[in-house]
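One structure is given below, encoded as structure tokens.
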Protein chains: 2
Amino acid sequence: MHDSIEIEEIKKCSVQYILAVNDTLNVISGKWKLPIIGSLLFGKKRFKELQRDIAAITPRMLSKELKELELNSIIKRTVYDTIPVRVEYELTDSGFKLNHVLEAMVEWGVEHRENVLNN
Amino acid sequence: MHDSIEIEEIKKCSVQYILAVNDTLNVISGKWKLPIIGSLLFGKKRFKELQRDIAAITPRMLSKELKELELNSIIKRTVYDTIPVRVEYELTDSGFKLNHVLEAMVEWGVEHRENVLNN
DNA sequence: AGAGTTGCTATACTAAAGGATACTAGTATA
DNA sequence: TATACTAGTATCCTTTAGTATAGCAACTCT
């Protein structure tokens with residue numbers, strides 16, 4: 001249709017296509033990653049702030065997910081040497097760019113829900 | 001347009017935003033849904049064709065995933081009264097539109113991989 | 001008769017994801 | 001001394017996702 005040549009080429013090779021999509025999928029799938037990324041889209045947050053934002057998450061899961069997101073370079077963790085210690089989490093540039101993906105997902109999700117209800 | 005205003009409003013409400021994204025995410029997450037959708041993007045397929053396309057999938061998983069995708073109105077199942085019986089799976093309009101989401105995911109996945117390797 | 005095709009299902013299992021609850025160190029405040 | 005705050009860990013348990021292997025009915029082909 002009207003996509004860049006580079007992306008057209010990737011699509012031609014369905015294996016590469018699926019691999020790239022899987023990379024993205026792995027980064028955002030699971031129960032808590034979207035709520036965390038969603039919260040951080042509004043600005044940097046501390047551990048307890050995230051825990052308050054995401055009502056039902058346990059510290060174990062929050063800690064685990066934050067570590068994974070950091071490993072995948074989606075978020076950046078900064079420790080401040082204050083008393084008490086202060087740890088801030090924020091999206092990296094790459095992490096922030098996920099909102100394009102999320103926007104595509106919102107659009108599809110809304111449209112699909114309408115289609116399903118109207119049929 | 002009515003649609004774009006609606007979508008803008010949803011984005012402002014982070015809870016709705018996350019719910020809509022989750023709808024989409026639930027439809028495509030898991031180990032086998034992308035390979036199945038990816039295969040069907042190239043046209044309708046029969047059960048055994050899908051099984052051959054997706055080398056490592058067991059019939060149990062293929063059957064399970066196809067049922068889920070059908071329930072979510074992503075694919076349509078058609079049984080032909082031939083001998084031997086012939087069952088064809090194809091993407092619905094809604095299912096086909098998922099490629100916009102997948103395209104956004106490919107773009108991000110490729111770019112992210114480059115960023116991570118170059119740092 | 002025996003083997004092969006199609007489109008599955010049944011049963012039993014392992015692995016991964018997630019939850020519940022309690023706990024830690026270091027510091028500050030009451 | 002007891003309590004509370006920060007940012008997490010440790011341990012154990014349950015639930016969900018996925019795997020392995022076998023089998024079935026209804027046919028066709030050799």
Side-chain angles (χ1 to χ4, degrees), chain A residues 18-19 21-40 43-72 74-91, chain B residues 18-19 21-40 43-72 74-91:
Chain A
I18 287 175
L19 282 181
V21 178
N22 255 325
D23 275 3
T24 310
L25 199 51
N26 289 337
V27 155
I28 59 177
S29 63
K31 189 170 175 183
W32 300 112
K33 279 176 199 134
L34 278 182
I36 292 171
I37 292 168
S39 173
L40 291 178
K44 52 174 70 167
K45 296 270 170 71
R46 301 173 64 176
F47 191 91
K48 280 279 165 177
E49 286 179 300
L50 285 167
Q51 212 183 324
R52 276 188 287 262
D53 265 24
I54 307 161
I57 200 170
T58 61
R60 176 186 185 279
M61 286 310 289
L62 182 54
S63 169
K64 221 190 96 202
E65 299 291 66
L66 288 170
K67 266 176 200 157
E68 256 182 80
L69 289 168
E70 201 195 349
L71 251 172
N72 286 320
I74 307 305
I75 62 173
K76 196 182 145 225
R77 179 177 183 268
T78 314
V79 182
Y80 295 95
D81 195 13
T82 58
I83 285 163
V85 75
R86 181 188 176 82
V87 181
E88 277 183 351
Y89 296 91
E90 63 188 307
L91 292 173
Chain B
I18 288 176
L19 283 181
V21 177
N22 255 325
D23 274 3
T24 310
L25 201 52
N26 289 337
V27 155
I28 60 178
S29 63
K31 191 171 175 183
W32 301 111
K33 279 176 200 137
L34 278 183
I36 293 170
I37 292 167
S39 173
L40 292 178
K44 53 176 70 166
K45 296 271 168 70
R46 300 174 63 176
F47 191 89
K48 279 281 165 172
E49 286 179 299
L50 285 167
Q51 214 184 322
R52 276 188 289 262
D53 266 21
I54 307 162
I57 201 169
T58 61
R60 178 186 185 279
M61 286 311 289
L62 182 54
S63 168
K64 220 191 97 200
E65 299 291 63
L66 288 170
K67 266 177 201 157
E68 256 182 79
L69 289 167
E70 201 195 348
L71 250 172
N72 286 320
I74 307 305
I75 64 173
K76 194 182 147 224
R77 180 177 184 269
T78 314
V79 182
Y80 295 94
D81 196 11
T82 58
I83 284 162
V85 75
R86 181 189 176 81
V87 180
E88 278 183 349
Y89 296 92
E90 62 188 309
L91 292 173

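Everything numeric here is computed off the predicted structure, so don't read it as measured data. Residue numbering restarts at 1 for every chain, and letters A, B, ... go by the order of the sequence lines.
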Are the side chains of [X] and [Y] in touch, meaning some heavy atoms are under 4.5 Å apart?
| X | Y | answer |
| --- | --- | --- |
| A:K31 | A:M61 | no |
| B:E90 | B:L40 | no |
| B:L25 | A:L25 | yes |
| B:L69 | B:Y89 | no |

Which nucleotide wins on minimum distance to the side chain of [X], given the candidates [options]?
| X | options | result |
| --- | --- | --- |
| B:I83 | C:dG7, D:dA7, D:dC27 | D:dC27 |
| A:R77 | C:dG7, D:dT9, D:dG8 | D:dG8 |
| A:M61 | C:dA10, C:dG18, C:dC8 | C:dG18 |
| B:S63 | D:dC27, D:dT6, C:dC8 | C:dC8 |
| B:V85 | C:dG7, D:dG8, D:dT9 | C:dG7 |

Kindly say whether, by distance alone, the side chain of B:R86 makes a donor-acceptor pair under 3.5 Å with the base of C:dG7? no
Counter-base of C:dT6, judged by Watson-Crick or G-U geometry with both distances under 3.5 Å: D:dA25
Do any side-chain nitrogens or oxygens of [X] fall under 4.0 Å of OP1 or OP2 in [N]?
| X | N | value |
| --- | --- | --- |
| B:R60 | D:dA17 | no |
| B:K31 | C:dA16 | no |
| B:K33 | D:dA17 | no |
| B:R46 | C:dG7 | yes |

Contact class for A:Y89 vs. all strands (heavy atom < 4.0 Å): base, sugar-phosphate, or nothing? sugar-phosphate
Do A:K64 side-chain atoms and A:R60 backbone N/O form a donor-acceptor pair below 3.5 Å? no
Roughly, in whole Å, what's the span from [atom1] in [X] to [atom2] in [N]?
| X | N | atom1 | atom2 | answer |
| --- | --- | --- | --- | --- |
| A:K48 | D:dG8 | NZ | P | 11 Å |
| B:K67 | C:dA10 | NZ | P | 8 Å |
| A:K64 | D:dT9 | NZ | P | 13 Å |

Go nucleotide by nucleotide along DNA chain C from the 5' end; which of A:P59 and A:G30 gets its closest nucleotide reached first? A:G30
